K.L.:
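Can you keep this structure in mind? I'll have questions shortly.
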Amino acid sequence: MKNEQPSANESEATAPRHFIRQAIDRDRAAGKNEGRVITRFPPEPNGYLHIGHAKSICLNFGLAQEYGGRCHLRYDDTNPAAEDVEYVDAIEADVRWLGFDWGEHHYFASNYFEQLYTYAEELIENGKAYVCTLSPEVFKDYRGVPTRPGKESPSRNRPVAESLDLLRRMRSGEFADGEYVLRAKIDMASPNLHMRDPVLYRIKRFHHHRTGDQWCIYPMYDFAHCISDAIEGITHSICTLEFEVHRPLYDWILDNISVPCHPQQIEFARLNLSYTVMSKRRLLQLVQEGRVEGWDDPRMPTLCGMRRRGYPPAAIRQFCETIGVTKFDSTTEVELLEHCVRTDLNKHALRRMAVLDPIKVVITNFPDESERMVNAINNPEDEQAGTRPMAFTQEIYIERADFAEEPPPKYFRLAPGKSVRLRYAGFITCESVEKDEATGEIRALHCRWDPPETKVKVKATIHWVSATQSQQAEVRLYQRLFTVADPMEDKEREFTDFLNPDSLRVVEARVEPTLLEAAPGDAFQFERTGYFCADHKLSQPGQPVFNQVVALKA
RNA sequence: UGCCGGAUGGUGUAACGGUAGCACAGCAGACUCUGAAUCUGUUUGUCUAGGUUCAAAUCCUAGUCCGGCAACCA
């Protein structure tokens, strides 16, 4: 399937003026940054991107596009203990797949290590930072708690020259991990814990995926992030709510060093989705415990999972626009995401017939060996998609659920003595039921056939495939990964207790022969059943495996 | 019990002193060679209490409830 780029008016058409757009409008009206809008998407390469990241990606890249600016892709790779190059490539593939392009603007915080270090020395020289010798345990004690102020470190008034010397020796590898840290000199009595002389650099002997063993000291997020933003000339540094309390520190650092500009940090609420979990830690746990088949398992809320599942990127973008941007911590119902997926696929997916749980129907008045070609419409939403021929034969398969021996009230489909229309192929009336004598299981239905021209009044049309011409294909049916809307709600139990044991069901379906030519990623609507997509991992040439993207509405 | 943020139907959002709107979900109906799509109708909402005003979701005061913050993580 083609990955169409998001058009500029894709978001503008329905764009509500959420508070970040309003802030940017105000800045531009006031002539701030000469009206430029430069944003950034700053993932840490320590896990795979999920639908929550998509919200941030669409926001940052979308805003840049909307205002004629640009968005940088920058890795926040300041903690080599957690990060790996494996994730870098995966992140890029996901952002591209979503439809966004960073152009030349591809950066790593680690590219700035030398500059960052220079700013650290500047801070010391200005008396705004010092090297502290407190051990981690004592350090914690000195920090105090939210309701009680902290205590000043004995190192706080260390002479500038001494701190400078110590920092240089930290860098040169003279000390053991954790022996010294560089701290900002702010206010140990601040009600904001992050302002109580926060750590700026720590000694950490870890091989970095980009800088190798060049460094044994690494900057903390708070120090690296704001300066990286300033170096890149970011105008609006958009992040999630939990960084709100970091904003005073973000501003303090930039106010106390000679950076070229001072970006503005703006926080918004991260996405929560019902019937799933969204933290990297828990997603990793599902993978490691083998609860799913990997990060890209189609049941995962990861972008690679959704890609395999067959979610169109345009649907995810539409979803991200629809949910809006606020500072209110909320949970969006997964039904809305599914609605966006169906809306997109309804317009674009070719229709095909596939019988997931086949039961044989023998047409009693149809000549043996003979076949009748019918014309099936490929996509009623798109005339350009044309038609295809389908062979109607003496024996066909229909869905087991489309026959009821004792039909309940309001059951419109096939039953003994009752008629239904076969999609594009006339009508059948059930004359007799052939059962296995031992088990009572229905083996086949014997039906009389009437051509399409016949004037018959039926309430239902069902799908079918030729028994002799259809092919076998593996189809994977998915349900929600969890049985409850909020797997984290019950604090007494593990979220894995709520895993849905039926989240994956594999069936052998009978499909139209042309479906065997489906290429990985091709999406179809199996009529009356749902949307399906050829899996790019499990499919073999000529033998596709289909993932259920989403069912049709009941 | 400290600081920061937040509160509009079941859910997500809009309205920025002037008719509480949209989408999803639900329900009912129309249409239909997909019980889909489409179309129509419809149930349900401004956290509470005061105040300002001709007029308050919106401004003010007090409260209630919810989220975040005490990694040498990001």
Side-chain angles (χ1 to χ4, degrees), chain A residues 14 16-19 22 42-47 76-79 81-83 109 132 134-136 139-140 143-150 177-183 190-196 198-204 217-218 220-222 224-225 239-248 267 269 271-272 274 280 319 322-340 342-343 346-347 351 353 376-377 380-381 402 410-413 420-427 452 458-463 485 525-531 551-554:
Chain A
T14 49
R17 299 271 98 199
H18 60 63
F19 78 102
Q22 290 179 30
E44 183 187 13
N46 70 342
D76 249 333
D77 57 348
T78 56
N79 183 9
E83 297 148 11
C132 180
L134 253 30
S135 70
F139 182 100
K140 196 175 171 182
R143 184 175 40 226
V145 292
T147 50
R148 291 261 177 280
D177 285 15
E179 205 174 337
Y180 291 98
V181 290
L182 178 71
R183 301 176 72 176
S190 171
N192 182 342
L193 279 305
H194 298 279
M195 297 299 271
R196 319 243 265 226
V199 171
L200 266 22
Y201 267 91
R202 75 282 213 191
I203 303 172
K204 203 168 188 142
I217 58 171
Y218 291 97
M220 300 290 291
Y221 163 85
D222 286 308
H225 198 85
C239 62
T240 44
L241 245 32
E242 68 269 25
F243 291 102
E244 207 153 17
V245 286
H246 293 241
R247 180 156 26 98
E267 309 86 11
L271 169 69
N272 297 294
S274 63
K280 281 185 195 171
F319 171 72
T322 305
I323 56 177
V325 181
T326 66
K327 303 195 70 152
F328 177 58
D329 187 25
S330 60
T331 300
T332 298
E333 291 176 337
V334 71
E335 287 85 349
L336 181 59
L337 209 210
E338 293 172 342
H339 170 258
C340 292
R342 284 193 195 100
T343 301
N346 179 49
K347 269 189 307 229
R351 271 55 172 177
M353 300 223 217
I377 295 167
E381 304 286 324
D402 284 338
K410 306 263 277 194
Y411 186 89
F412 305 153
R413 291 161 281 172
V420 281
R421 189 196 319 266
L422 292 177
R423 182 79 156 149
Y424 304 120
F427 304 87
V458 291
K459 287 209 80 169
T461 298
I462 63 172
H463 60 284
Q525 184 197 96
F526 291 174
E527 291 207 38
R528 302 209 311 128
T529 303
Y531 294 98
L552 249 31
K553 276 185 72 180

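Side chains included, hydrogens not; waters and symmetry mates left out as well; all remaining heavy atoms used. Bear in mind the structure is a predicted one, so any value in this text is a computation, not a measurement. Residue numbering restarts at 1 for every chain, and letters A, B, ... go by the order of the sequence lines.
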K.L.:
In whole Å, what is the span from the CZ atom of A/Phe412 to the P atom of B/U34?
P.N.:
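Going from CZ in A/Phe412 over to P in B/U34 covers 13 Å.
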K.L.:
Between B/G29 and B/C47, how far apart are the two C1' atoms, rounded to whole Å?
P.N.:
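Roughly 37 Å separates the two C1' atoms.
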K.L.:
In terms of side-chain heavy atoms of A/Phe243, which of B/A74, B/C24, B/G2 is nearest?
P.N.:
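Within the option list, the nearest is B/A74.
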K.L.:
Should B/A37 be called syn or anti, with syn set as within 90° of 0?
P.N.:
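Chi for B/A37 falls in the anti range.
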K.L.:
With under 30° as parallel and over 60° as perpendicular, where do the rings of A/His246 and A/Tyr221 fit, or are they tilted in between?
P.N.:
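It falls in the perpendicular class, over 60°.
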K.L.:
What distance, rounded to whole Å, do you find between the two P atoms, one in B/U48 and one in B/A57?
P.N.:
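Pairwise P distance, B/U48 against B/A57, rounds to 11 Å.
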K.L.:
Side chain of A/Arg196, backbone of A/Arg143: donor and acceptor closer than 3.5 Å?
P.N.:
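A pair under 3.5 Å: yes.
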K.L.:
Name the nucleic acid region contacted by A/Thr331, choosing base, sugar-phosphate or nothing; use a 4.0 angstrom heavy-atom cut-off, strictly under.
P.N.:
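Contact class for A/Thr331: sugar-phosphate only.
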K.L.:
Name the nucleic acid region contacted by A/Arg351, choosing base, sugar-phosphate or nothing; use a 4.0 angstrom heavy-atom cut-off, strictly under.
P.N.:
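Touches a base.
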K.L.:
Assign A/Ser274 to base, sugar-phosphate, or nothing according to its heavy-atom contacts below 4.0 angstrom with the strands shown.
P.N.:
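A/Ser274: no heavy atom of the nucleic acid under 4.0 Å.
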K.L.:
Would you indicate what A/Thr240 reaches in the nucleic acid, counting non-hydrogen atoms under 4.0 angstrom: base, sugar-phosphate, or nothing?
P.N.:
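Since no nucleic acid heavy atom lies under 4.0 Å of A/Thr240, the category is nothing.
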K.L.:
In the structure shown, which nucleotide is the Watson-Crick or G-U wobble counterpart of B/A62, with both distances under 3.5 Å?
P.N.:
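Pair assignment: B/A62 / B/U48.
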K.L.:
From the list B/A36, B/C4, B/A23, which nucleotide is the closest neighbour of the side chain of A/Leu552?
P.N.:
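Selected nucleotide (nearest to the side chain): B/A36.
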K.L.:
Checking all strands, does A/Glu338 fall into the base, sugar-phosphate, or nothing category for heavy-atom contacts under 4.0 angstrom?
P.N.:
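Since no nucleic acid heavy atom lies under 4.0 Å of A/Glu338, the category is nothing.
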K.L.:
Give the rounded distance in Å between these two atoms: CG of A/Asn192 and C1' of B/C3.
P.N.:
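From A/Asn192 CG to B/C3 C1': 7 Å.
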K.L.:
Using side-chain heavy atoms (C-beta onward) and a distance below 4.5 Å, is A/Tyr531 in contact with A/Leu552?
P.N.:
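A/Tyr531 reaches A/Leu552 side chain to side chain.
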K.L.:
Look at the side chain of A/Arg202 and the backbone N and O of A/Asp177, then say whether any donor-acceptor pair between them is shorter than 3.5 Å.
P.N.:
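Between the backbone of A/Asp177 and the side chain of A/Arg202 there is no qualifying donor-acceptor contact (under 3.5 Å).
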K.L.:
For A/Phe319 and B/A23, give me the distance from atom CZ to atom P, rounded to whole Å.
P.N.:
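My rounded result for the distance is 17 Å.
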K.L.:
Return no unless some side-chain N or O of A/Arg196 is found under 4.0 Å from OP1 or OP2 of B/A70.
P.N.:
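Result: no.
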K.L.:
Mind checking if A/Glu267 touches a base, just sugar-phosphate, or nothing, with heavy atoms under 4.0 Å?
P.N.:
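Touches nothing.
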K.L.:
Which heavy atom of A/Glu381 sits nearest a heavy atom of A/Asn346, and at what distance?
P.N.:
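Heavy atoms only, the tightest pair is CG-O, 3.3 Å.
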K.L.:
Looking only at side-chain atoms of A/Glu244, point me to the closest of B/G5, B/A71, B/A74.
P.N.:
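The closest nucleotide is B/G5.
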K.L.:
If you measure from the P atom in B/U58 to the same atom in B/A20, how many Å do you get, rounded?
P.N.:
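B/U58 and B/A20 have their P atoms separated by 14 Å.
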K.L.:
Could a donor-acceptor pair under 3.5 angstrom be found where the side chain of A/Gln525 meets the base of B/U34?
P.N.:
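Donor-acceptor pair under 3.5 Å: yes.
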K.L.:
Return yes if some donor-acceptor pair links the side-chain N/O of A/Glu44 with the main-chain N/O of A/Asp76 below 3.5 Å, else return no.
P.N.:
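Side chain of A/Glu44 to backbone of A/Asp76, a donor-acceptor pair under 3.5 Å: no, none is there.
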K.L.:
If you check every side-chain atom of A/Ser330, which of B/G12, B/U34, B/C24 has the closest atom?
P.N.:
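Nucleotide nearest to A/Ser330's side chain: B/G12.
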K.L.:
Can you give me the closest heavy-atom contact between A/Phe19 and A/Val325, atom names plus distance?
P.N.:
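Of all heavy-atom pairs spanning A/Phe19 and A/Val325, the closest is CD2-O, 3.7 Å.
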K.L.:
Any base atoms under 4.0 Å from A/Asp329, or only sugar-phosphate, or nothing? Heavy atoms, all strands.
P.N.:
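Answer is sugar-phosphate: A/Asp329 comes under 4.0 Å of backbone atoms only.
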K.L.:
Which nucleotide sits closest to the side chain of A/Glu527: B/G12, B/G10, B/U34?
P.N.:
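Comparing B/G12, B/G10, B/U34 against the side chain of A/Glu527, the answer is B/U34.
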K.L.:
Quick one: label A/Arg143 by what it contacts on the DNA or RNA (base, sugar-phosphate, nothing), any heavy atom closer than 4.0 Å.
P.N.:
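Here A/Arg143 touches the backbone only, sparing every base.
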K.L.:
So which of A/Pro248, A/Pro146, A/Pro198 actually passes side chain to side chain contact (heavy atoms under 4.5 Å, CB included) with A/Asn192?
P.N.:
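Exactly one candidate clears the test, A/Pro248.
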K.L.:
Reckon A/Lys204 touches a base, only the sugar-phosphate, or nothing at all at heavy-atom distances under 4.0 Å?
P.N.:
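Touches sugar-phosphate only.
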K.L.:
From NE2 of A/His246 over to C1' of B/A74, roughly how many Å is that when rounded to an integer?
P.N.:
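About 9 Å, once rounded to whole Å.
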K.L.:
By centroid distance (under 5.5 Å) and plane angle (under 30°), are A/Phe328 and B/A7 in a stacked arrangement?
P.N.:
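No, A/Phe328 does not stack on the base of B/A7.
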K.L.:
Distance check, C1' atoms only: B/A74 and B/U19, in whole angstrom units.
P.N.:
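My reading of the C1' atoms in B/A74 and B/U19 gives 47 Å.
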K.L.:
Does A/Glu44 reach a base, just sugar-phosphate, or nothing at all? Heavy atoms under 4.0 Å.
P.N.:
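Since only primed, P, OP1 and OP2 atoms lie under 4.0 Å of A/Glu44, the category is sugar-phosphate.
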K.L.:
Describe the nucleic acid contact of A/His463 in one word from base, sugar-phosphate, nothing, applying a heavy-atom distance below 4.0 Å.
P.N.:
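A/His463: no heavy atom of the nucleic acid under 4.0 Å.
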K.L.:
If only side-chain N and O atoms of A/Thr461 are considered, is one of them under 4.0 Å from the OP1 or OP2 phosphate oxygen of B/U32?
P.N.:
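Indeed not, no polar side-chain atom of A/Thr461 lies that close.
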K.L.:
Name the residue closer to the 5' end of RNA chain B, choosing between A/Lys553 and A/Glu179 according to the nucleotide with the nearest heavy atom.
P.N.:
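Result of the comparison: A/Lys553.
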K.L.:
Check every strand shown and say whether A/Ile217 touches a base, only sugar-phosphate, or nothing at a heavy-atom separation below 4.0 Å.
P.N.:
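Nothing, no heavy atom under 4.0 Å.
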K.L.:
Write down the distance between CG (A/Leu337) and P (B/A23), rounded to a whole number of angstrom.
P.N.:
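For the pair A/Leu337 CG and B/A23 P, the rounded distance is 19 Å.
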K.L.:
With rounding to the closest Å, how many angstrom separate the C1' atoms on B/U8 and B/G45?
P.N.:
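About 6 Å, rounded to a whole number of Å.
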K.L.:
What is the distance, to the nearest angstrom, from the CD atom on A/Glu335 to the P atom on B/C27?
P.N.:
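One finds 12 Å between P of B/C27 and CD of A/Glu335, rounded.
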K.L.:
Round to the nearest Å and state the distance from A/Asp76 atom CG to B/A71 atom P.
P.N.:
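From A/Asp76 CG to B/A71 P: 20 Å.
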K.L.:
Would you measure the distance from the P atom in B/U40 across to the matching atom in B/U53 and give it in whole Å?
P.N.:
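Per the computed distance, 45 Å lies between those P atoms.
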K.L.:
Can you figure out which of B/U34, B/C73, B/G35 approaches the side chain of A/Asn79 most closely?
P.N.:
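That would be B/C73.
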K.L.:
From B/C24, B/A14, B/C72, pick the nucleotide closest to the side chain of A/Thr326?
P.N.:
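Of the options given, the side chain of A/Thr326 lies nearest B/A14.
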K.L.:
In the structure shown, which nucleotide is the Watson-Crick or G-U wobble counterpart of B/G21, with both distances under 3.5 Å?
P.N.:
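Pairing partner, where one exists within any strand: B/U13.
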K.L.:
A/Leu193 or A/Phe19: which one's nearest nucleotide on RNA chain B is closer to the 5' end?
P.N.:
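With A/Leu193 and A/Phe19 compared, the 5'-side residue is A/Phe19.
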K.L.:
Suppose we call a contact any N or O donor and acceptor under 3.5 Å apart; does that hold for the side chain of A/His194 and the base of B/A71?
P.N.:
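No pair found.
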K.L.:
Select base, sugar-phosphate, or nothing to describe what A/Gly178 touches, counting heavy atoms under 4.0 Å on all strands.
P.N.:
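Base contact - A/Gly178 has a heavy atom under 4.0 Å of at least one base atom.
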K.L.:
B/G2, B/G12, B/C72: which one has an atom nearest the side-chain heavy atoms of A/Arg202?
P.N.:
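Among B/G2, B/G12, B/C72, the one nearest the side chain of A/Arg202 is B/C72.
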K.L.:
What's the gap between B/U32 and B/U46 when it is taken at their P atoms, as a whole Å value?
P.N.:
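Result for the P pair: 41 Å, nearest Å.
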K.L.:
To check you understand the geometry: which heavy-atom pair defines the closest contact between A/Val145 and A/Leu193, and what is its length?
P.N.:
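Answer, listing the atom of A/Val145 first, then A/Leu193: C-CD1, 4.3 Å.
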K.L.:
What is the base-pairing partner of B/A37, counting Watson-Crick and G-U wobble geometry with both distances under 3.5 Å?
P.N.:
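Base-paired to nothing in any strand shown.
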K.L.:
Roughly how many Å apart are B/C24 and B/C65, using the C1' atom of each and rounding to a whole number?
P.N.:
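Straight-line distance between the two C1' atoms is 26 Å.
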K.L.:
Go ahead and name the base partner of B/G2; Watson-Crick or wobble counts if both distances stay under 3.5 Å, otherwise write none.
P.N.:
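The answer is B/C69, by the H-bond criterion.
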K.L.:
B/C73 P sits how many Å from A/Leu200 CG, rounded?
P.N.:
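Roughly 13 Å, once rounded to whole Å.
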K.L.:
Does A/Arg413 get its side chain close enough to the base of B/G35, under 3.5 Å, for a donor-acceptor pair?
P.N.:
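Donor-acceptor pair under 3.5 Å: yes.
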K.L.:
Counting the atoms with a prime plus P, OP1 and OP2 as sugar-phosphate, which does A/Tyr411 contact under 4.0 Å by heavy atoms, base, sugar-phosphate, or nothing?
P.N.:
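If one applies the 4.0 Å heavy-atom cut-off, A/Tyr411 turns out to touch a base.
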K.L.:
B/A74, B/G2, B/C72: which one has an atom nearest the side-chain heavy atoms of A/Pro146?
P.N.:
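The answer is B/G2, which lies nearest to the side chain.
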K.L.:
What pair of heavy atoms forms the shortest contact from A/Ser274 to A/Thr331, and how long is it?
P.N.:
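Residues A/Ser274 and A/Thr331, closest heavy atoms: N-CG2, 3.8 Å.
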